Undergrad: 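Have a look at the structure that comes next, please.
Quick caveat, the model's predicted, so the values are computed rather than measured.
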Amino acid sequence: MDTYILVAIGVFFAGIFGARFINESAFKLLNQEQKAGLIDVLAGIRKKTLIYVVGIIAIFLLLLFASNMDKSTLFLIYFGLLAILMIGTTISTRRILNENHFPKDYINQYLLSSCVRYFGIGVFLIVMFLNDKFTF
């Protein structure tokens with residue numbers, strides 16, 4: 001395996017675990033009432049996100065099997081839509097947290113965590129897409 005692929009895998013895992021660590025430290029900034037209400041406050045966006053993910057996967061599979069679209073283009077469309085969904089979900093979550101008067105420090109930690117996670121995922125996907133040995 002090429003060195004840059006191993007680095008990309010390392011960045012991916014560092015992003016995932018780094019985001020988790022940031023989330024756990026951010027959670028400590030909340031009082032008991034906010035911790036308990038967090039699940040309820042974000043329940044609606046989790047349901048909507050699940051519906052969107054299922055829709056994106058359905059579109060991907062439909063295009064994969066029912067069209068002659070180039071697989072590289074399909075890959076870019078699929079992950080582009082997922083990136084838009086992730087960014088949209090992050091923005092919506094930030095708005096919801098602000099509306100429900102969560103601490104600014106917690107919201108900032110949430111945003112940092114999202115950026116770290118998305119960076120790790122993005123580096124991995126870009127390296128895999130640009131790798132000549134990567135096939136669809």
Side-chain angles (χ1 to χ4, degrees):
M1 194 176 301
D2 295 327
T3 304
Y4 59 91
I5 293 176
L6 292 175
V7 170
I9 292 170
V11 170
F12 172 77
F13 282 114
I16 298 299
F17 289 117
R20 175 117 177 134
F21 175 76
I22 294 167
N23 273 336
E24 287 177 5
S25 81
F27 197 65
K28 294 175 185 174
L29 299 171
L30 301 177
N31 62 38
Q32 288 301 92
E33 183 181 320
Q34 290 167 326
K35 288 177 183 178
L38 190 61
I39 293 171
D40 293 333
V41 167
L42 298 177
I45 198 164
R46 281 196 312 267
K47 289 176 187 174
K48 289 177 187 174
T49 301
L50 178 61
I51 292 168
Y52 289 136
V53 167
V54 170
I56 290 170
I57 292 170
I59 291 168
F60 172 76
L61 292 174
L62 179 69
L63 291 174
L64 181 66
F65 295 114
S67 76
N68 293 330
M69 187 177 291
D70 177 60
K71 289 196 169 69
S72 296
T73 304
L74 185 57
F75 175 87
L76 289 174
I77 291 170
Y78 177 68
F79 286 105
L81 289 173
L82 285 179
I84 291 168
L85 177 63
M86 290 187 311
I87 292 167
T89 300
T90 301
I91 292 168
S92 294
T93 300
R94 178 180 176 264
R95 181 184 48 76
I96 291 167
L97 292 172
N98 276 323
E99 288 172 356
N100 286 279
H101 309 291
F102 278 78
K104 296 283 183 218
D105 288 342
Y106 175 77
I107 295 170
N108 290 337
Q109 292 282 330
Y110 167 77
L111 294 174
L112 177 62
S113 167
S114 297
C115 289
V116 168
R117 182 181 324 108
Y118 298 160
F119 177 78
I121 293 168
V123 166
F124 177 75
L125 291 175
I126 289 168
V127 168
M128 295 309 292
F129 184 73
L130 295 176
N131 183 0
D132 294 337
K133 299 173 188 169
F134 182 67
T135 58
F136 296 98

Undergrad: Between Asn100 and Phe102, is there a donor-acceptor pair closer than 3.5 Å when you use the side chain of the first and the backbone of the second?
TA: no
Undergrad: Closest heavy-atom contact between Gln34 and His101?
TA: NE2-O, 3.8 Å
Undergrad: Under 4.5 Å between any side-chain heavy atoms of Phe124 and Ile9, yes or no?
TA: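 Touching, per the 4.5 Å side-chain cut-off.
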Undergrad: So, for Val116 and Gly15, which heavy atoms are closest and what is the spacing to 0.1 Å?
TA: CG1-O, 3.5 Å
Undergrad: So Asn108 and Leu112, do their side chains get closer than 4.5 Å, heavy atoms only?
TA: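 Leu112 does not reach Asn108 side chain to side chain.
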Undergrad: Would a hydrophobic clustering, with Ile, Leu, Val, Met, Phe, Trp and Tyr connected at side-chain separations under 4.5 Å, put Ile59 with Leu85?
TA: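 Yes, Ile59 connects to Leu85 through the hydrophobic network.
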Undergrad: Is there side-chain contact between Ile121 and Ile16, with at least one heavy-atom pair below 4.5 Å?
TA: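 Sidechains of Ile16 and Ile121: in contact.
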Undergrad: If you measure from CG on Leu111 to NZ on Lys104, what distance do you get to the nearest 0.5 Å?
TA: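 Interatomic distance, Leu111 CG to Lys104 NZ, rounded to 0.5 Å: 10.5 Å.
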Undergrad: With a cut-off of 6.0 Å (strictly less than), are more than 12 heavy atoms of other residues, nucleotides or ligands near CD1 of Ile39?
TA: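 No, because the 6.0 Å sphere around CD1 of Ile39 holds 12 heavy atoms or fewer from other groups.
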Undergrad: Does Glu33 CD have over 12 foreign heavy atoms under 6.0 Å away?
TA: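 No, the 6.0 Å shell around CD holds no more than 12 heavy atoms from other groups.
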Undergrad: Same cluster or not: are Leu130 and Phe12 linked, directly or through other Ile, Leu, Val, Met, Phe, Trp or Tyr residues, by side-chain heavy atoms under 4.5 angstrom apart?
TA: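 They do share one cluster, since a chain of ILVMFWY contacts under 4.5 Å joins Leu130 to Phe12.
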Undergrad: Could you pull out the closest heavy-atom pair between Leu29 and Pro103, with the gap in Å?
TA: O-CG, 4.3 Å
Undergrad: State the CG-CD1 distance between Leu63 and Ile77, to the nearest 0.5 angstrom.
TA: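 It comes to 6.5 Å.
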Undergrad: Indicate the atoms forming the closest heavy-atom contact of Thr89 with Ile45, along with that distance.
TA: O-CD1, 3.6 Å
Undergrad: Are Leu61 and Val54 connected, step by step, through hydrophobic side chains (Ile, Leu, Val, Met, Phe, Trp, Tyr) whose heavy atoms are closer than 4.5 Å?
TA: no
Undergrad: Taking CZ in Phe119 as the centre, count heavy atoms belonging to other residues, nucleotides or ligands within less than 6.0 Å. Is the count above 12?
TA: no
Undergrad: Enter the distance from Tyr106:OH to Ser25:OG here, rounded to the nearest 0.5 Å.
TA: 10.5 Å
Undergrad: Kindly give the heavy-atom pair with the smallest separation between Ile22 and Ser113, and that separation in Å.
TA: CG2-CB, 3.8 Å
Undergrad: Let me confirm one number: the OG-NZ distance from Ser92 to Lys48, rounded to the nearest 0.5 Å.
TA: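 These two atoms lie 7.5 Å from each other.
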Undergrad: Do Ile57 and Tyr78 make a side-chain contact, defined as non-hydrogen atoms from C-beta onward lying under 4.5 Å apart?
TA: yes
Undergrad: Is the shortest side-chain heavy-atom distance between Met69 and Leu64 below 4.5 Å?
TA: no
Undergrad: Would you mind checking if Arg20 and Glu24 are paired as a salt bridge, meaning a charged N to carboxylate O distance below 4.0 Å?
TA: yes
Undergrad: Go through the side-chain N and O atoms of Thr90 and Tyr118 and say whether any donor and acceptor fall under 3.5 Å apart.
TA: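 Short answer, yes.
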Undergrad: Below 30° counts as parallel, above 60° as perpendicular, anything between as tilted: where do the rings of Phe75 and Phe129 land?
TA: parallel
Undergrad: What is the ring orientation for Phe17 with Phe13, classed by angle as parallel under 30°, tilted 30 to 60°, or perpendicular over 60°?
TA: parallel
Undergrad: So how far is it from Leu125 CG to Phe79 CZ, rounded to the nearest 0.5 Å?
TA: 5.0 Å
Undergrad: Under a 4.5 Å cut-off applied to non-hydrogen side-chain atoms, are Leu81 and Phe60 in contact?
TA: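 The answer is no; the side chains never approach within 4.5 Å.
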Undergrad: Find the distance between CD1 (Ile96) and CG (Leu42) and round it off to the nearest 0.5 Å.
TA: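 Result: 6.0 Å between the selected atoms.
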Undergrad: Starting from Ile87, can I reach Ile107 by hopping between I/L/V/M/F/W/Y residues whose side chains sit under 4.5 Å apart?
TA: no
Undergrad: Check whether more than 12 heavy atoms from other residues, nucleotides or ligands sit under 6.0 Å from atom NZ of Lys35, and answer yes or no.
TA: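 Enclosed.
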Undergrad: Would a hydrophobic clustering, with Ile, Leu, Val, Met, Phe, Trp and Tyr connected at side-chain separations under 4.5 Å, put Met128 with Tyr4?
TA: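 Linked, Met128 and Tyr4 end up in one cluster.
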